[in-house]
Amino acid sequence: MEKDSKILILGGNGLLGSAINRELKKHNYQNILSPRSKEVNLLNKNSIDNLLKSEKPDNLFMVAGLVGGIMGNKKRQADFLYQNSIMILNLLESAKENSLGSKILYTGSSCIYPKINPQPIKEERFMKGELEETNKGYAVAKGMGIVACQLYREQYGIDANCAMPTNLYGLKDTYDLENGHMIPGLIKKFLLAKRDGTDITLWGTGNPRREALYSEDCADALIYLMKNYSSPEIVNIGTGFDYSIKEFAEILKKELKININLKWDLSKPDGTFEKRTDISRLKNIYPEFSPRSFEKGLSEIINNKDELKRILG
Ligand code: GDP
């Protein structure tokens, strides 16, 4: 990928896509396209055909998808299965027909590994066990997408590559308390409690463990992989360390200087107990990769006026 390569980001306005866009601009890439979903509907093959036929991008980040937190996933399993499957199949089929030369980087997610794994999770665990019930639709679709990239590479020579990011957070996140992810959900609940003095109720037991990767750090790794990696083997992108939900809550209390007793809603699911990624493959490819701490990422969010406006309205 050169500074004047034509780079297409599908999903370029979401949490990860917008971070890729910012990182590329920071490093002086000049020819970036990131069409909105209104302009290019990935569920419609004609729409993606028209885009690839006319633009023929050199590099393509495929980070679009229907995403959500544990409850968002659980309630709409069929939608998550359908939309995430069709989008990547349309893209690969269209690349085969219209833009064979594009290098593609597709993102799966650490939550599509089996429910139970030796920790940390190595890439070899992909498709090696039963899935977590709360996100089965998403996991089957994303897993299929990864296999599809491998098969289109093998049969048609498409340079399709896959990465497995862990739980992400960052600017332009979705702060939907019902359907969003845990980290933006916690950030919003703590900020509301600080502003309005309301109680905080978190979900489940608080014992499950999660990693937290800042979106810009994930974007940095993806750009590095786009430049330096081509292989059917997937690559985890994580921090390599995790916290329990209770520990996340303690960090938020400390960073936001708020002392409050938490309530736990045990009717909500815990989901996968732990899913810490093994990032040794990534570190072999990109030894300088060094993701920021959760405290640092959090301070960038709570000190960003625009983001605070998005969170609190
Ligand atoms: P997951 O990592 O794919 O399971 O999805 P999430 O990012 O939604 O994290 C879910 C985990 O966080 C579960 O163990 C939940 O019980 C726990 N959790 C605690 N409070 C919240 C909350 O306010 N929102 C969400 N989404 N999850 C929460």
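We count ligands from 1, going down the list as the structure has it; atoms in each ligand are counted the same way. Throughout, numbering of the chain's residues begins at 1 and tracks the sequence.
By the 4.0 Å heavy-atom criterion, G68 is excluded from the residues contacting ligand 1. Put simply, part of K275 is less than 4.0 Å from ligand 1, judged by heavy atoms. Within the 4.0 Å heavy-atom cutoff, G185 does not count among the residues contacting ligand 1. In this structure, I245 counts as a contact residue of ligand 1, since one of its heavy atoms falls inside 4.0 Å of the ligand. By the 4.0 Å heavy-atom criterion, K189 is counted among the residues contacting ligand 1. Ligand 1 has at least one atom lying under 4.0 Å from a heavy atom of N167. Using a 4.0 angstrom heavy-atom cutoff, R210 counts as in contact with ligand 1.
Using cut-offs of 30° and 60° for the angle between ring planes, the F241 and Y243 rings count as perpendicular.
Within the listing of ligand 1, atoms 14 (O) sit less than 4.0 angstrom from a heavy atom of P208. Which parts of ligand 1 touch L202 is read off a 4.0 Å heavy-atom cut-off, strictly below it: atoms 20 (N).
Taking any N or O of G69, backbone or side chain, none lies under 3.5 Å from an N or O belonging to ligand 1. Taking distance alone, with nitrogen or oxygen atoms compared against 3.5 Å, L177 stays at or beyond that limit from ligand 1. Geometrically, ligand 1 and I70 share a nitrogen or oxygen pair separated by less than 3.5 Å. Considering backbone and side-chain N/O of T201, none are found under 3.5 Å from N/O of ligand 1. Where the criterion is an N or O separation shorter than 3.5 Å, residue side chain and backbone included, N135 fails it with respect to ligand 1.
By the 4.0 Å N-to-carboxylate-O rule, K268 lies close enough to D265 to be salt-bridged with it. A salt bridge links K263 with D199; the closest basic N to acidic carboxylate O contact falls under 4.0 Å. Ionic pairing of E39 and R36 is not present here: no N-O contact between side-chain nitrogen and carboxylate oxygen is shorter than 4.0 angstrom. Salt bridge status for R292 with E300: present, with a side-chain N to carboxylate O gap under 4.0 Å. Looking at E93 and K45, no side-chain N of the basic residue comes within less than 4.0 Å of a carboxylate O on the acidic one, giving no salt bridge. With salt bridges taken as basic N to acidic carboxylate O contacts below 4.0 Å, one links E247 and R209. A salt bridge is defined here as a Lys NZ or Arg NE, NH1 or NH2 lying under 4.0 Å from an Asp or Glu carboxylate O, and E55 with K6 meets this definition. Checked for salt-bridge contact, K26 and E216 miss the test: no charged N lies under 4.0 Å from a carboxylate O. Using a 4.0 Å cut-off between a side-chain N of Lys or Arg and a carboxylate O of Asp or Glu, E97 and K53 do not qualify as a salt bridge.
If you check the side chains of S94 and N90, you find no donor sitting under 3.5 Å from an acceptor.
Closest protein heavy atom to atom 26 (N) of ligand 1: G180 O, 3.1 Å. Scanning the protein heavy atoms around atom 13 (C) of ligand 1, the nearest turns out to be D270 O, 3.2 Å. What sits closest to atom 20 (N) of ligand 1 on the protein, heavy atoms only, is W203 N, 3.0 Å. Of the protein's non-hydrogen atoms, the one nearest atom 7 (O) of ligand 1 is M182 N, 2.9 Å. Annotation: atom 16 (O) of ligand 1 to nearest protein heavy atom, P269 O, 2.7 Å.
For the pair K3 and Y29, the distance from NZ or CZ to the six-membered ring centre is under 6.0 Å and the angle to the ring normal is within 45 degrees.
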